[in-house]
2 protein chains.
Amino acid sequence: MSTTASSAPQTGSRPGGRSARVRAAVHRAVRELVADEAGDPLTIPAVAARAGVHATTVYRRWGAVGELLADVATSRFSGDFVVPDTGSLRGDLERYASDLAKDLCDPDTLALVRATIGAGGEQGAAACRGERQRQLEAILEREQDRGEQTPSLERTTDAVLAPLYYRAVFTDDPLTPEWTRTLVSHLLPD
Amino acid sequence: MSTTASSAPQTGSRPGGRSARVRAAVHRAVRELVADEAGDPLTIPAVAARAGVHATTVYRRWGAVGELLADVATSRFSGDFVVPDTGSLRGDLERYASDLAKDLCDPDTLALVRATIGAGGEQGAAACRGERQRQLEAILEREQDRGEQTPSLERTTDAVLAPLYYRAVFTDDPLTPEWTRTLVSHLLPD
DNA sequence: CTACTAGCGCAGTGATCAGTGCGATACTGG
DNA sequence: CCAGTATCGCACTGATCACTGCGCTAGTAG
C-alpha cells in the first residue's frame, strides 16, 4: 500500500487482473443464461461454457449455484445506483421508486431475482433487496437531519419497496410511472 | 349425482382412486423435500423416491420440475382457506391478513413459495398468489354490495398483500400480529 | 531479472438425471 | 361377470453433472 493502488492489494484480485476478468465473464454468463429463461435450473457447466471458462474454476471459486447467484445478485444490486438527492423527501422517494421500478421492469433483472430467490433461499433473497434497503434508510435519515418528520423505515418499506417488489416478482402487471408515483403519494398524503 | 359421488366421474381421477393417491403422495414428497432445504434443486427422481412412486410416473404426469412445483403451489394455496366474513371491512381484512401471515410464517410454505418462484417463473409466481388475490377481491366486492365505499383492489393489494409477501419472501423479519394489523390500519385510517 | 504464489486449464471418474418401449395392474362402463 | 382404457411399475440408454489431482501460466515481490 504505497504508490498506485489505494487499498487492499493483499490478494491477487486487482481490477484488470485475470481473476477479475474471469469473474466478470462468469457474472455476465449467469445473467445471460438466467435471462434466456429456458426453464432448466442453471447448471455450473453451462455457465462455464458460456463464459469461456473451465467449469473447474467456477466450482472452486463459488462452489454451488446458490452462492454464485447470490454473488451475481449482490454485485448487480450494489453498483451503479446513486441515492437521489432532490432536496425534498417526496422528490427523493419518487426518484428512488422510479429508478427501482425501471430496474425491476427489465426482464433480465427480474429473472435474476426469481432465480436467486429460488436457489439462494434466505441468503439469495437478502442479496436481491440488499443495498436498496440501506439506500432507503439513507434517504430518511438525511431528511431527519434536516429537522423534518419522516415515516419510519418500516412503514416506508411497506408502502414503497414492498409493492414494487411484489408486483414485479409475483404479477405480470406493468410498473407504470403513474402507479409508482401513487405509492409515494399514499405514504406522504400532505 | 344420486347416491355417493356428487360429480365428475368422466375421467379416471376420482377421489380415493389410485391416480389421486399417487398425486397426493407426490405432492407431499415435494413439500417435504422443498422444506428440507438442502440446497439441491429438487430433482424428479428424488421426488419419486420420496413418494414411493416410480420416476416415470412423475415425468409423464407433470413433465418438468417447474410445472410440478406450480401444481403443488396451486393446490396448496387454493384449498382450506375460507374467505372471512366478520360483518365489517376492517374485520374481514384483519382476519384475512392474519390468516395469510400465519400461513406465510410456516417455513415449509415459505420454502415452497421460493422454490416455485425460482423454478416456475411467471407461472409459478402466479400460482403462489393465485387464490389470495381473488379472495381479496371477494371481500371488497361484498363490502361494496353493502353499499359502503372501499379502497380499490389495487390499493388494497399494495397496502396489505404486497407487504406480507415481501416481508415473508425477501426478509427474515417476523410477521407479527401487531405489524399485520398495522397494515390494515394504514389502509383504513378512519 | 528472478523466485514465489495464486489462480486457471486439462483430463478423467463416479454418480445422477432425463427420457423411452413394454408388460402388468387397477379403475371404468356394459 | 367381462371387455376396454388409462395409469403405473420395470428395465434400460444416452447425456449431463458434480467433483478431483496435476501441470501450466499469469501476476507479485524482492
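In the text below, chain A, chain B and the rest are named by the order of the sequence lines, each starting its count at 1.
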Return all side-chain donor-acceptor pairs below 3.5 angstrom for residues 150-159 of chain B, not counting sequence neighbours, or 'none' if the list is empty.
residue, atom, partner, partner atom, Å
T150(B), OG1, Q144(B), NE2, 2.9
S152(B), OG, R155(B), N, 3.1
E154(B), OE1, R167(A), NH2, 3.3
R155(B), NE, H186(A), NE2, 3.3
T156(B), OG1, S152(B), O, 2.8
T157(B), OG1, Q133(B), NE2, 3.1
T157(B), OG1, L153(B), O, 2.7
D158(B), OD2, W179(A), NE1, 2.9

Inset, instruction - Give a yes/no answer on whether the side chain of Y59(B) brings an N or O atom under 4.0 Å of OP1 or OP2 in dA18(C). - result: yes
Legend entry - T43(A) vs dT16(D): side-chain N/O to OP1/OP2 distance below 4.0 Å: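 Answer is no, no contact under 4.0 Å.
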Inset, instruction - Apply side-chain hydrogen bond (donor to acceptor under 3.5 Å, both in side chains) to E32(B) and list each qualifying residue two or more places apart in sequence or on a separate chain. - result: R50(B)
Inset, instruction - List in chain and number order the residues that pass side-chain hydrogen bond (donor to acceptor under 3.5 Å, both in side chains) with D36(A), two or more places apart in sequence or in another chain; answer none if no residue qualifies. - result: none
Legend entry - Check ion pair R132(B)-D103(B) (N to O, under 4.0 angstrom): yes
Inset, instruction - Salt-bridge test for E131(A) and R134(A): reply yes if a basic N is under 4.0 Å from a carboxylate O, no otherwise. - result: yes
Side chain of [X] (C-beta onward), nearest among [options]:
{"X": "V53(A)", "options": "dT7(D), dC17(D), dG9(C)", "value": "dG9(C)"}
{"X": "P45(B)", "options": "dG9(C), dT7(D), dC17(C)", "value": "dC17(C)"}
{"X": "S19(A)", "options": "dC8(C), dA18(D), dA18(C)", "value": "dC8(C)"}

Just the rounded figure in Å: distance from [atom2] of [N] to [atom1] of [X].
{"X": "W62(A)", "N": "dC8(C)", "atom1": "CH2", "atom2": "C1'", "answer": "12 Å"}
{"X": "E67(B)", "N": "dG19(C)", "atom1": "CD", "atom2": "P", "answer": "10 Å"}
{"X": "R61(B)", "N": "dA6(D)", "atom1": "CZ", "atom2": "P", "answer": "14 Å"}
{"X": "R23(B)", "N": "dA6(D)", "atom1": "CZ", "atom2": "C1'", "answer": "16 Å"}
{"X": "I44(A)", "N": "dC8(C)", "atom1": "CD1", "atom2": "P", "answer": "14 Å"}
{"X": "R21(B)", "N": "dG9(D)", "atom1": "CZ", "atom2": "P", "answer": "12 Å"}

Run the side-chain donor-acceptor check on residues 107-116 of chain B: report pairs under 3.5 Å with partners two or more places apart or on a different chain.
residue, atom, partner, partner atom, Å
T109(B), OG1, R76(B), NH2, 3.0
T109(B), OG1, D106(B), OD2, 3.0
R114(B), NE, V169(B), O, 3.1
R114(B), NH2, V169(B), O, 2.8
T116(B), OG1, L112(B), O, 2.6

Legend entry - Partner set under ring-ring contact (aromatic ring centres under 6.0 Å, His included) for Y59(B), not counting sequence neighbours: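 Once residues adjacent in sequence are excluded, Y59(B) has no partner under the ring-ring contact (aromatic ring centres under 6.0 Å, His included) criterion.
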Inset, instruction - Can you check each nucleotide of nucleotides 10-15 of chain C against protein heavy atoms at under 4.0 Å and return B for base, S for sugar-phosphate only, - for none, in 5' to 3' order? - result: BB----
